[in-house]
> 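So that we are looking at the same thing, I have put the structure below in structure tokens.
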Amino acid sequence: MVNLNSSYRGRFAPSPTGPLHFGSLYTAIASFLQARSNKGQWLVRIDDLDPFRSKEEYSTLILKTLEQYSLTWDEDVFYQSSRQEAYRHALNDLNQRQLLYPCQCSRKDLAKRLIKNNIYDGYCLNNKPTADAATSLRIKVSSERITLKDLVQGTSQQNLAKQLGDFVIFRKDHVYAYHLAVVLDDHEQNISDILRGYDLLDSTFRQIYLQQQLQIATPSYAHIPVISGADGAKLSKQTFASDVSLAPVRETLINALAHLNLNPPKELIASTPTEILDWATNQWSLDKIQAKDSILLQMN
Ligand code: GLU
């Protein structure tokens with residue numbers, strides 16, 4: 001049992017829209033090692049926010065896979081599907097402060113209007129609240145720069161008004177936007193440190209903005225490079241990256257550690273997954289991770 005004496009609380013938050021693939025396993029391992037090497041807690045949250053895309057069978061499989069790899073989590077697994085009340089409450093709060101407005105723009109309208117860039121043009125800004133079911137809600141953004149001090153990628157800034165425009169916080173199909181859910185859940189779970197893939201870096205500015213509006217603390221962030229295949233595309237469910245629950249555990253674990261620049265020695269293959277992770281915890285340093293958006297998948 002680890003000595004949980006630090007205030008570090010990290011998490012892995014997979015969406016159950018498919019089995020765990022090598023890219024997500026590598027991210028899970030990195031956040032696990034970062035938490036364990038800080039003598040912190042590591043939590044698992046199932047991001048089953050979207051009822052149209054999430055499947056219970058995948059939640060079960062993902063948790064089983066984490067266990068197979070000895071990635072043991074602290075506390076009960078947290079499910080976004082159980083959090084509707086909290087999301088609704090926050091949405092009401094933002095609405096009462098006149099930060100939201102209904103938007104009827106269809107994907108087609110947006111594609112036509114926002115040709116040059118993808119910045120929402122405020123077309124629906126003066127819409128009055130409506131009972132029309134087929135509207136999304138957008139949050140007004142400000143032109144104050146948002147600063148992200150990323151532990152891997154360094155400091156960067158975004159001006160949401162100039163670079164993004166008002167963004168959707170409640171979808172037309174009545175699903176709360178990922179940004180709102182993630183911010184509220186990380187807060188509820190008292191997460192101090194978020195380590196995740198580079199593909200989510202851009203959305204962090206929106207999340208920091210929401211933290212500011214909801215007056216909740218901003219955790220520390222580290223975005224590690226995503227793993228991409230030979231074609232340059234990120235390994236993902238969409239690219240049919242294979243299910244790591246079917247792969248040989250020790251080999252796959254050691255290969256993931258190699259992608260995290262830990263130089264695992266050959267003999268490690270004779271150790272159990274727990275021993276391999278203990279070895280990796282001692283070797284782990286975020287300084288070994290390069291400030292890059294992606295790295296190539298190495299098969300060995
Ligand atoms: N559920 C998100 C995903 O699988 C990750 C959320 C996060 O780490 O903030 O892409």
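Counting convention: from 1, in listed order, for ligands and their atoms alike. These numbers were taken from a predicted model, which means no experiment stands behind them.
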> With a cut-off of 4.0 Å, which atoms of ligand 1 are near a heavy atom of D47?
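This gives 1 (N), 2 (C), 5 (C), 6 (C) as the contact atoms.
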
> Tell me, yes or no, whether the heavy-atom count around Y123 atom OH, taken from other residues, nucleotides or ligands under 6.0 Å, exceeds 12.
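At most 12 heavy atoms, drawn from other residues, nucleotides or ligands, come within 6.0 Å of this atom.
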
> Give a yes or no answer on whether the side chain of S37 reaches the backbone of T281 with a donor-acceptor pair at less than 3.5 Å.
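No.
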
> Using a 3.5 Å cut-off on N or O atoms only, is L200 in polar contact with ligand 1?
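Looking only at distances, the answer is no, because the N/O contact criterion of under 3.5 Å is not met.
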
> Would you say Y178 touches ligand 1, if touching means a heavy atom closer than 4.0 Å?
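The answer is yes, since Y178 has a heavy atom less than 4.0 Å from ligand 1.
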
> Please work out, at 4.0 Å between heavy atoms, whether the side chain, the backbone, both, or neither of H179 comes within that distance of ligand 1.
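No part of H179 is near ligand 1 at this cut-off.
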
> Can you measure from OH (Y221) to CG (L148) and round to the nearest 0.5 angstrom?
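These two atoms lie 8.0 Å from each other.
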
> Any idea which atoms of ligand 1 are less than 4.0 Å away from a heavy-atom of V182?
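Close to V182: 9 (O).
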
> So, regarding R196 and ligand 1 (criterion: nitrogen or oxygen to nitrogen or oxygen, under 3.5 Å), is there a contact or not?
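Such a contact does occur with ligand 1.
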
> Do Q34 and D193 pair up side chain to side chain, a donor and an acceptor below 3.5 Å, judged on atom types alone?
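There is no such pair (donor and acceptor under 3.5 Å, judged by atom type) between the side chains of Q34 and D193.
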
> Pull out every atom of ligand 1 sitting under 4.0 Å from any heavy atom of S15, numbered as shown with elements.
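Per the distance check, 1 (N), 2 (C), 3 (C), 4 (O).
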
> Pairs under 3.5 angstrom only: tabulate donor-acceptor contacts from the side chains of residues 55-65 to other protein residues two or more places apart or in another chain.
from, atom 1, to, atom 2, distance (Å)
T60, OG1, E56, O, 3.0
T65, OG1, L61, O, 2.7

> Non-hydrogen atoms of Q207 versus ligand 1: any pair closer than 4.0 Å?
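Checking ligand 1 against Q207, which is what was asked, there is no heavy-atom contact under 4.0 Å.
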
> Using a 4.0 Å cutoff against the non-hydrogen atoms of R11, which atoms of ligand 1 qualify?
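Per the distance check, 7 (C), 8 (O), 9 (O).
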
> Does the side chain of Y26 come under 3.5 Å of the side chain of N255 through a donor N or O and an acceptor N or O?
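Side-chain D/A pair, Y26 to N255: absent.
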
> With backbone taken as N, CA, C and O and side chain as the heavy atoms from C-beta onward, which portion of I194 lies under 4.0 Å from ligand 1: side chain, backbone, both, or neither?
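The answer is neither; I194 stays 4.0 Å or more away.
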
> Between Y209 and H179, is the ring centre distance below 6.0 Å?
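No, the ring centres sit 6.0 Å or more apart.
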
